[in-house]
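Structure first, commentary second.
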Number of protein chains: 2
Amino acid sequence: MKKNVKRSECPISRALDILGDKWTLLIVRDIVFRGFRFYNEFLEGGEGIATNILSDRLKILESNGFLVSKKYELQKTRKVYTLTENGIGLIPILLEMLIWGFNFDDSLIIPNQKAEMMNEIIKRVKTDKDEFLREIVASVKSFDAKNYC
Amino acid sequence: MKKNVKRSECPISRALDILGDKWTLLIVRDIVFRGFRFYNEFLEGGEGIATNILSDRLKILESNGFLVSKKYELQKTRKVYTLTENGIGLIPILLEMLIWGFNFDDSLIIPNQKAEMMNEIIKRVKTDKDEFLREIVASVKSFDAKNYC
DNA sequence: TGCATAGCTTGTTTTTTGCAAGTAACAAAT
DNA sequence: ATTTGTTACTTGCAAAAAACAAGCTATGCA
């Protein structure tokens, strides 16, 4: 079980207390940019998270108010995980990481189509970030993700 | 020594492969928002990093091309750590974390003066982010940090 | 009963942490 | 000139925490 100690009052340090590991933001990415909502979707998300780590991070995200889980009425053995308003507040950080990952990791092999999508994202962030964020938030809320990554 | 395995081609996953821990971005914060340049400054940065972790993270940041270290000519036992252009590319992520930490962590006790500074930062990011980033970069390069956090 | 989903348990490996000791450059004292 | 001391890292080691992998359990269906 990952601990969550407050190391200092610095806002960046506080962000890293909660988000500073290899998995937490990846779950948020799956929800925001891939439209995932279920445990097994996160599990099969591509990076190979272990079941206990996934369970731990979902709990931490929920206990910190970034997401909520509730029974999926169409199939009662499953739970639906959705972002709260606080969870939605993480999208700008994800967006900057997306841009950073695209700009600075030369070893990333991004197919042409994806590169075009990225240029589009970068352009939109520069010209009308607030409107762009609103669109992403709307897509998350309507379970119709943008699939940007 | 922290590993750095490429888990997938996703830019966010790649960013988290390198940056996804509690210390790496804190060192970059110290350089960008506090004007730190020396090992002992990072060591005394407030969050209590261990000497071997600091040494490890500085090496990782250097080997990934985010910072360079060179002998400090005024005092040859010391090394000066400075950001590369790639390291400067991390500032937008830090800036979003700063804003996030300010907006969403209710337990953060931020004195009035700091709150005003934060509102100013948020306003500037919204109105002319590129110009604001240029100012921060200039302040980092001239060793005259903004002390935003 | 049999299957799927969610997630818990256990054992092992990896990483972090705290602390102690080591090295290198320089300066002041002997 | 040599010793001693100081600063600035750097390395090594043992204990603790976290991650990982695999198997197991509880619940709700069909």
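What you see is a predicted model, and the numbers here were worked out from it, not measured in a lab. Throughout, protein chains are lettered first and strands after them, A, B, ... in sequence-line order, and every chain is numbered starting at 1.
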With sequence neighbours excluded, residues passing side-chain contact (heavy atoms from CB on, under 4.5 Å) with B:Phe38: B:Asn40, B:Glu41, B:Tyr72, B:Arg78, B:Val80

Going by the rule side-chain contact (heavy atoms from CB on, under 4.5 Å), which residues pair with A:Met117 if we only count those two or more places apart in sequence or in a different chain? A:Ile121, A:Tyr148

Separation of atom CG in B:Leu16 from atom P in D:dA19, rounded to whole Å: 13 Å

Which whole-number value in Å describes the distance from A:Lys22 NZ to D:dA19 P? 11 Å

Starting from B:Ile18, can I reach B:Leu83 by hopping between I/L/V/M/F/W/Y residues whose side chains sit under 4.5 Å apart? yes

side-chain hydrogen bond (donor to acceptor under 3.5 Å, both in side chains) contacts touching residues 29-38 of chain A (sequence neighbours left out): A:Arg29-A:Glu47, A:Asp30-A:Arg34

What is the distance, rounded to the nearest whole Å, between atom CG of A:Asn52 and atom P of D:dA17? 17 Å

In whole angstrom, what separates B:Lys59's NZ from D:dC9's C1'? 11 Å

Listed in order of residue number, which residues of residues 72-83 of chain B have a non-hydrogen atom at under 4.0 Å from DNA chain C? B:Lys76, B:Thr77

Quick one: list whatever passes ring pair (Phe, Tyr, Trp, His ring centres under 6.0 Å) with A:Phe36, sequence neighbours left out. none

Which residues satisfy the side-chain contact (heavy atoms from CB on, under 4.5 Å) test with B:Glu135, sequence neighbours excluded? B:Arg124, B:Glu131, B:Lys146

Check salt bridge (Lys or Arg N to Asp or Glu O under 4.0 Å) between A:Lys59 and all other residues, then give those that pass, not counting sequence neighbours. none

Classify B:Lys71 by what it touches in the nucleic acid, base, sugar-phosphate, or nothing, heavy-atom distance under 4.0 Å. nothing

Could you tell me which residues satisfy salt bridge (Lys or Arg N to Asp or Glu O under 4.0 Å) with A:Lys71, sequence neighbours excluded, listed by chain and number? none

Qualifying residues under salt bridge (Lys or Arg N to Asp or Glu O under 4.0 Å), relative to A:Asp56, sequence neighbours excluded: none

B:Ala138: which residues meet the side-chain contact (heavy atoms from CB on, under 4.5 Å) condition with it, sequence neighbours left out? none

Heavy atoms only, 4.0 Å cut-off, all strands: where does B:Asp21 land among base, sugar-phosphate and nothing? nothing

Reading DNA chain C 5' to 3', which nucleotide is the first, and which the last, to come under 4.0 Å of any heavy atom in chain A? C:dT5 to C:dT10

In terms of side-chain heavy atoms, does B:Asn52 have a donor or acceptor partner in B:Ser55 at a distance below 3.5 Å? no

B:Leu54 CG to D:dA8 C1', in whole Å, measures 12 Å

D:dT11, D:dG23, D:dA18: which one has an atom nearest the side-chain heavy atoms of A:Thr51? D:dG23

Under a 4.0 Å heavy-atom cutoff, the residues of residues 26-49 of chain A touching DNA chain D are none

